[in-house]
Amino acid sequence: MSSKRHILTAVAWPYANGPRHIGHVSGFGVPSDVFARFQRMSGNHVLMVSGTDEHGTPIQVLADQEGVTARRLADRYNRIIAEDLVALGLSYDLFTRTTTANHYAVVQELFTGLYNNGYIFTKTTKGAISPSTGRTLPDRYVEGTCPICGYDGARGDQCDNCGNQLDPVDLIDPRSKINGETPEFVDTEHFMLDLPAFTEILGTWLKSKAGQWRPNVLKFSLNLLDDLQPRAISRDLDWGVPIPIEGWSEQANKRLYVWFDAVVGYLSAAIEWAQRSGDPEAWRRWWQAEDAESYYFMGKDNIVFHAEIWPAMLLGYNGKGDRGGRPGTLGELNLPTEVVSSEFLTMEGRKFSSSRRVVIYVRDFLQRYSADALRYYIIAAGPETQDTDFTWAEFVRRNNDELVAAWGNLVNRSISMAAKNIGAIPEAGELTDEDRRVLDASKAAFDVVGGHIDRSRFKAGLQEAMRTVAEANKYISDQAPWALKKTDPERMRTVLHVALQLVDDAKTLLTPFLPASSNKVYAMLGGTGVWSAMPRLEEVTDSIGGEEGTSTYPVITGDYADSEARWESIPIRPGTPLEPPTPLFAKLDPSVVDEELARLEEAAG
RNA sequence: GGGCCGGUAGCUCAGCUGGUCAGAGCAGGGGACUCAUAAUCCCUGGGUCGCGGGUUCGAGCCCCGCCCGGCCUACCA
């Protein structure tokens, strides 16, 4: 871990059809930020990118319902989502969006590269079209009677009653879920990505990841290889990236499939970042260097896109599938080092559902509780390796017992004792064996916690960090410095010095998880400058907005390189003046559990 | 229907490639202390590890079947 690594932190792109809820950010947001902050503290070069995913049918449908353009709807939620992610303290180097001129260009370049290498072909299929709009009606938007069991509410892709997979053409009395009209089934030509051409090389690649990736992700991905089918990557829809092929780009109603363009975002955002940073070639250090690493963070429903389709697209662009070929004009691009997938968060025993209003939006949450409280809960009790349940009772308990009582109180009791009795960080006198033992244990925690985070075992990392907090509390209780005030003031000063060093170390260990409160502790102990930099919103312009949308849009970025934070025990400086501290975290009244449950019941109806 | 993942103490969850693996935190009970947001520290738990078979000297951890929950199965992380 001594040499500096280049680490691309690729974070799943939230879909801009509404505000995001705490389940979303527990899947991709908070874990990726813990990872990125830790890597930066370790001296590695991190590039953390993401943005809002704004194309596709769901946004178009929602926009139609509201009587606004898709672009305008996307503008709205892009901004809301960006604001929420900043409020959570997620340290993106660039959080952008898929509706930028740069993104369009990079997506088209990937398509062209794949096309030139022979991995994209056209095929005529029978698809459902909405007669009134001429747009593709996705299978799931077609309803009708199941030809097998006669169930009336069957969807075009599957019957929820008998579980059989269906073809929308076979539905009896088909109708559009959007407006009830009868869909037309017409021949339509589409571009297909030749996934079977990558079966072998994907298999080799995936098998090389054994032992590194979380086993469930690997197993799932390998299994998919048994039956790879060509996949349509275009749609009859006007809301998307135009297809860069003569005769197609002119057609207003043919666009690239939203998933094809969304995954390219990891690359296009890196390129946009480089352009904005003033060195347009800088992205290559993360995408093309032999030793560069890339970690992709997402929820489990996205594994197929990140462990199968996106790698296949990259391989095809590089000319590495069964049909060979040569790298496109960008040059050869790196495949993911690791695909880190989270499981799902449920909500008081139920599945999160925006439509059924079983949901807690990030924004609503942060209006009442702190970002660090949410971050703490997500890492400590979130769905890292299996589904977990969010309950308000558990949230309040974690907040009060662990954040406030254990960590917040440790900061408070140690600093206030030193402030009152000495007014500054005291010198240490001669250290006892016990003093040395706790200090050594605290130093040793850096490798342990860091090792966990580096392997994406965030829950274990946080547990170890909190163990040092418990150790420090125990040390103070055992040494009882308050009792030494009269009997042995010199020893009291030493104990307080040791205690403050432990607090300072714990603050550092907790920084990736709780950046905002760690910054406060840093300041309380007399630190100057910025400890761990926080993200900010910046308004930027793009040529593509046009008259329809806003021509400026918010991006998330930050000056993380200016942070003082380093992943090691940093000796505190005796003599630094100390003020009596103010509480780090707000304690929550147990009544908030009932209040929140009532709020939920009321919303869900 | 197919694939994958889970079902461990009252609650929320840890348990890597089989042999101190039957655990942690909280809740409950007892004690110490008073610096601190009545916080902290110590002691205290015996749960058929979803159910039924099987492999093995030995299985939460491997195999088979079943039950329950989740996700994916061409557009909600």
Side-chain angles (χ1 to χ4, degrees), chain A residues 11-15 17-18 20-29 53 55-59 136 138-141 148 157-159 162-165 211 215-217 219-224 226-227 229 231-233 235 257-260 262 297-305 309 341-346 349 351-355 380-381 383 385-391 393-394 397-398 400-402 404-406 408-418 420-421 459-460 463 466 470 472-478 480-483 485 492 496 499 581-587:
Chain A
V11 189
W13 290 51
Y15 196 61
N17 65 341
R20 294 301 88 180
H21 57 64
I22 62 173
H24 290 118
V25 295
S26 67
F28 65 82
D53 172 12
H55 297 304
T57 304
I59 283 177
T136 296
D139 293 352
R140 290 192 173 186
Y141 283 84
I148 296 169
D157 58 335
Q158 183 179 42
C159 174
C162 66
N164 282 297
Q165 233 177 325
N216 58 333
V217 178
K219 208 169 173 182
F220 184 88
S221 307
L222 279 166
N223 196 272
L224 290 170
D226 291 345
D227 187 32
Q229 298 295 326
R231 193 158 170 136
I233 54 170
R235 285 293 184 273
Y257 175 39
V258 60
W259 259 110
F260 185 91
F297 292 85
M298 73 214 65
K300 63 176 163 182
D301 58 337
N302 259 299
I303 293 174
V304 63
F305 295 104
I309 298 174
S341 163
S342 296
E343 301 293 304
F344 272 48
L345 193 69
T346 55
K351 190 188 166 189
F352 268 97
S353 165
S354 297
S355 54
T385 56
Q386 71 173 262
D387 291 359
T388 58
D389 192 36
F390 176 90
T391 65
E394 181 70 357
R397 188 197 70 71
R398 293 263 183 191
N400 288 353
D401 292 352
E402 298 178 15
V404 177
N409 185 239
L410 170 65
V411 172
N412 217 36
R413 71 194 296 212
S414 50
I415 295 182
S416 72
M417 241 184 299
K420 279 182 199 164
N421 293 302
K459 193 177 282 195
Q463 257 169 24
M466 288 303 284
N473 270 320
K474 177 173 161 53
Y475 172 80
I476 294 175
S477 292
D478 288 349
W482 53 88
K485 194 170 174 179
M492 179 193 74
L496 289 178
T582 53
L584 252 196
F585 303 104
K587 186 166 179 169

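Naming: A, B, ... by sequence-line order, numbering from 1 per chain. Since we're looking at a predicted model, the values are computed, not measured.
The gap from the C1' atom of G7(B) to that of C43(B) amounts to 33 Å, rounded to the nearest Å. U8(B) and C49(B) have their P atoms separated by 11 Å, given to the nearest Å. The gap from the P atom of G30(B) to that of C68(B) amounts to 44 Å, rounded to the nearest Å. A gap of 6 Å separates the C1' atoms of G58(B) and G19(B), to the nearest Å. For the C1' atoms, the distance from G28(B) to C16(B) is 34 Å, rounded to whole Å. The separation of C62(B) from G18(B), taken at their C1' atoms, amounts to 7 Å, rounded to a whole angstrom. Remark: the separation of the C1' atoms in U17(B) and C64(B) is 22 Å, to the nearest Å. Going from the P atom of G54(B) to that of A77(B) covers 44 Å, rounded to whole Å.
Of the candidates C41(B), C75(B), A77(B), the closest approach to any side-chain atom of D478(A) belongs to C41(B). Nearest nucleotide to the side chain of P58(A), out of G3(B), C76(B), C5(B): C76(B). For R20(A), counting side-chain heavy atoms from C-beta on, the closest listed nucleotide (C13(B), C76(B), U40(B)) is C76(B). Set against A74(B), C71(B), C76(B), the side chain of H24(A) has C76(B) as its closest nucleotide. Relative to the side chain of F28(A), the nucleotides C41(B), C13(B), A77(B) differ in distance, and A77(B) lies closest. Comparing C76(B), A14(B), A74(B) by their nearest atom to the side chain of R231(A) picks out A74(B). Among the nucleotides G25(B), C13(B), A74(B), the one closest to the side chain of D389(A) is C13(B).
The glycosidic torsion of G60(B) lies within 90° of 0, which places this base in the syn conformation.
Of the possible polar contacts, one joining the R20(A) side chain to the G18(A) backbone as a donor-acceptor pair under 3.5 Å is found.
Residue H21(A) is tested with F352(A), F344(A), F390(A) for a ring pair (Phe, Tyr, Trp, His ring centres under 6.0 Å); the sole match is F352(A).
For A39(B), there is no paired base (Watson-Crick or G-U wobble, both distances below 3.5 Å). C4(B) is paired with G70(B) under the Watson-Crick or G-U wobble criterion, all donor-acceptor distances under 3.5 Å. Across all strands shown, G65(B) pairs with C51(B); the Watson-Crick or G-U wobble distances both stay below 3.5 Å.
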Listing time: all N or O pairs from protein to nucleotides 34-38 of chain B that are below 3.5 Å?
unit_1 : atom_1 : unit_2  : atom_2 : d
C35(B) : O2     : R413(A) : NE     : 3.2
C35(B) : N3     : R413(A) : NE     : 3.3
C35(B) : N3     : R413(A) : NH2    : 2.7
C35(B) : N4     : R413(A) : NH2    : 3.1
A36(B) : OP1    : K420(A) : NZ     : 2.7
A36(B) : O3'    : N412(A) : ND2    : 3.2
A36(B) : O2'    : N409(A) : ND2    : 2.7
A36(B) : O2'    : N412(A) : ND2    : 3.1
A36(B) : N3     : N409(A) : OD1    : 3.0
A36(B) : N3     : N409(A) : ND2    : 3.4
A36(B) : N3     : R413(A) : NE     : 3.4
U37(B) : N3     : F585(A) : O      : 2.8
U37(B) : O4     : L584(A) : N      : 3.0
U37(B) : O4     : F585(A) : N      : 2.9
U37(B) : O4     : F585(A) : O      : 2.7

Steps toward side-chain contact (heavy atoms from CB on, under 4.5 Å) verdict (L345(A), D387(A)): CA-CA 6 Å; L345(A) 193 69; D387(A) 291 359; over 6 Å; no

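Phosphate contact (OP1/OP2 of A77(B), side-chain N/O of N302(A), threshold under 4.0 Å): present. For the OP1/OP2 pair of A14(B) and a distance below 4.0 Å, the side-chain nitrogens and oxygens of T385(A) include at least one atom meeting the criterion.
Partners of Q229(A) under the side-chain hydrogen bond (donor to acceptor under 3.5 Å, both in side chains) rule, at least two apart in sequence or in another chain, are D227(A).
Two residues, T391(A) and G299(A), neighbour RNA chain B, and the one matched to the more 5' nucleotide by heavy-atom proximity is T391(A). Residues Q386(A) and L345(A) both approach RNA chain B. Their nearest nucleotides, taken by heavy-atom distance, put Q386(A) toward the 5′ side.
Closest approach of A418(A) to L496(A), counting heavy atoms only: CA-CD1, 4.0 Å.
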